[in-house]
Amino acid sequence: MTTPSDFPTIILHADRTKAVLNHHPWVFSGAIKAVRGDPAPGGLVRVADDSGRFLAWGYWNAQSQIRVRLLSWDEGEALDDDFWRRRLARAIAARGEDNLIAAGGTPQAYRLVNAENDYLPGLVVDRYGDWLVLQALTLGIEARKSLLVGLLDELLHPAGIYERSDVDVREKEGLSPASGRLTGQEPPDLIEIDEFGRRFLVDVRLGHKTGFYLDQRYNRQLLGSLLRFDPQAQTRDVLNTFGYTGGFSVYALDGLARRVITVDSSAEAIDLARRNVALNGLHAADEDFVVGDVFQYLRLCRDSRRQFDIIVLDPPKFAQSARQVESAARGYKDINLLAFKLIKPGGMLLTFSCSGGVTADLFRKIVFGALVDAGREAQVIQTLGAGPDHPVALTFPEGEYLKGLLLRVV
Ligand code: SAH
């Protein structure tokens, strides 16, 4: 039997133990005073304070600035295969059929494992119908990929598990992109899912992220209900920018909006948006599906004095890292300012940021700055975030990447 002393030990500087004691899951290179032993890439390590006292277990990556991702704060816990089975089972149970999250109305499409926030650092698993799509974001997960695939197979019996680890963050871990079938059947070209009674075609092979922006489902539903309960819905014009495969557009059309314009720079996404609208028995004119740049499109609308009742601004991550926050802020301000100018009095703006480096507080300040420059007034009706299948561990504020505001423009 292995004992704790058989594992390499990572000793932290005396003033850098607080985050670990508070169960934050990351140990940065600068926190490390010494490495005792020879940790394997992705291998288990014991993290200790400078008197050698145990703090936590984690997995190691010498190539990453985040040298250790922490897994357990219980010295007696064995980090064997059964540990990973228990962690997966717990995340899955939290989305189980008798649980509030699945009862939320999307039993076919949701996030099963939300990485650090489900105490499985570096692992994302999304479910689309009978298929699972997995992202291994760290070396520690990459090293255990076949174990995790086997356990997911055993616990959930999916038709197949597909990998979409073709993401930039892998570079920071010294990993190259990877995608393809991991086990079971190849997924079909498009998987049809049900989200609150709306149908969507998801391309898990080539679509963004794992195929669909699952995190936005409650915000899409919110847009649907705003219109459903609006006696004037049939007079409303909606502009869905960064519309991807038409998620918000389907809800807006289903809510009986008069006109819904979907803008995205990806021709493939717009093509699928068209198909998703049709799949739901809804109709939008051909010219209302626009392949183009949102920054330009908003300016065009401003110059031609177009007005909308509702605008959705759901841009991609403008800040990929802390260094890009300032330029990201300019991008967010630009689109929000333009949007404020295009909204009719009494209209609504749903505005989002999914940049981890832009906090909810900063995002609100940026939107405020845009409002002042636009010379408008607006009220916060609701603050928005990801759905409950994307929990945020309270010990891990970085997990709260998606933030949004529902604003009423006066
Ligand atoms: N709201 C969508 C998700 C949007 S993700 C949903 O609910 O499914 C962001 C989208 O912005 C992506 O589809 C990407 O193709 C698009 N995009 C990125 N930069 C763009 C730009 N400058 N102009 C238009 N679309 C852009």
Side-chain angles (χ1 to χ4, degrees), residues 106 109-111 126 128 133 164 166-168 190-191 193-196 198-204 206-224 226 238-255 260-277 279-280 288-301 310-320 324 327-328 330-336 338-339 349-356 358 384-387 389-390 401-406:
T106 66
Y110 52 91
R111 177 149 295 188
D126 288 340
Y128 296 104
V133 183
R164 283 298 306 276
D166 46 339
V167 285
D168 296 342
L190 295 170
I191 298 178
I193 58 151
D194 180 296
E195 184 185 82
F196 301 122
R198 281 79 172 179
R199 323 266 333 153
F200 291 98
L201 298 167
V202 178
D203 183 346
V204 298
L206 301 171
H208 299 172
K209 303 225 276 188
T210 61
F212 203 58
Y213 289 87
L214 293 170
D215 51 358
Q216 284 285 23
R217 67 174 161 164
Y218 279 88
N219 301 321
R220 289 189 281 265
Q221 192 193 35
L222 172 67
L223 174 64
L226 285 175
V238 179
L239 175 60
N240 179 18
T241 67
F242 307 98
Y244 190 46
T245 57
F248 281 99
S249 301
V250 164
Y251 285 80
L253 288 164
D254 194 38
V260 179
I261 297 177
T262 312
V263 187
D264 200 283
S265 54
S266 156
E268 294 79 21
I270 287 294
D271 184 49
L272 217 43
R274 237 189 225 111
R275 293 179 65 179
N276 283 330
V277 165
L279 182 66
N280 287 277
D288 292 348
F289 296 97
V290 180
V291 179
D293 176 63
V294 168
F295 291 82
Q296 280 176 15
Y297 190 83
L298 291 172
R299 286 191 163 74
L300 222 65
C301 291
I310 302 177
I311 298 182
V312 180
L313 289 179
D314 185 20
K317 207 195 295 181
F318 285 162
Q320 305 293 334
Q324 293 171 0
S327 69
R330 282 195 293 277
Y332 289 122
K333 183 168 177 192
D334 191 24
I335 52 174
N336 280 279
L338 287 162
L349 174 64
L350 282 92
T351 180
F352 299 94
S353 161
C354 60
S355 300
V358 176
L384 308 171
D389 54 336
H390 290 63
Y401 65 97
L402 181 67
K403 57 267 328 169
L405 296 167
L406 170 63

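In this chain, numbering begins with 1 at the start of the sequence shown. Both ligands and their constituent atoms are indexed starting at 1 by order of listing.
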Nearest-option assignment for atom 23 (N) of ligand 1, heavy atoms, candidates L223, V312, V294, L272:
V294

Minimum side-chain heavy-atom gap I335-T241 below 4.5 Å:
no

For V312, which of L349, L223, V263 qualifies under side-chain contact (heavy atoms from CB on, under 4.5 Å)?
L223

Please identify which atoms of ligand 1 are closer than 4.0 Å to at least one heavy atom of Y213.
3 (C), 5 (S), 8 (O)

Could you tell me, atom by atom, which parts of ligand 1 come under 4.0 Å of a heavy atom of F248?
1 (N), 7 (O)

Would you mind listing which atoms of ligand 1 come within a distance below 4.0 Å of any non-hydrogen atom of G292?
23 (N), 24 (C)

Heavy atoms from other residues, nucleotides or ligands near CZ of R274 exceed 12 (cutoff 6.0 Å)
yes

Proximal atoms of ligand 1 relative to R220 (non-hydrogen, under 4.0 Å):
6 (C), 7 (O), 8 (O)

Heavy-atom contact under 4.0 Å between V263 and ligand 1?
no

Closest approach of any protein heavy atom to atom 4 (C) of ligand 1, naming residue and atom
F242 O, 3.0 Å

Charged N to carboxylate O below 4.0 Å: is that the case for K209 and D215?
yes

Please state which protein non-hydrogen atom is closest to atom 2 (C) of ligand 1 and give its distance, to 0.1 Å?
D314 OD2, 3.4 Å

How close does the nearest protein non-hydrogen atom get to atom 22 (N) of ligand 1, and which residue and atom is it?
D293 OD1, 2.7 Å

When distances are taken from atom 18 (C) of ligand 1, the protein heavy atom at minimum range is P316 CG, 3.4 Å

For atom 15 (O) of ligand 1, grab the closest protein heavy atom and report residue, atom and distance to one decimal in Å.
D264 OD1, 2.7 Å

Proximity of Y213 and Y244 rings by center, below 6.0 Å:
yes

Would you call F212 and E195 a side-chain contact if the rule is heavy atoms closer than 4.5 Å?
yes

Among V260, I270, D264, D271, the one residue meeting side-chain contact (heavy atoms from CB on, under 4.5 Å) with F289:
I270

Indicate whether any N or O donor in one side chain lies under 3.5 Å from an N or O acceptor in the other, for Q216 and D314.
yes

Tell me the protein heavy atom at minimum distance from atom 20 (C) of ligand 1, and give that distance in Å.
S265 OG, 3.5 Å

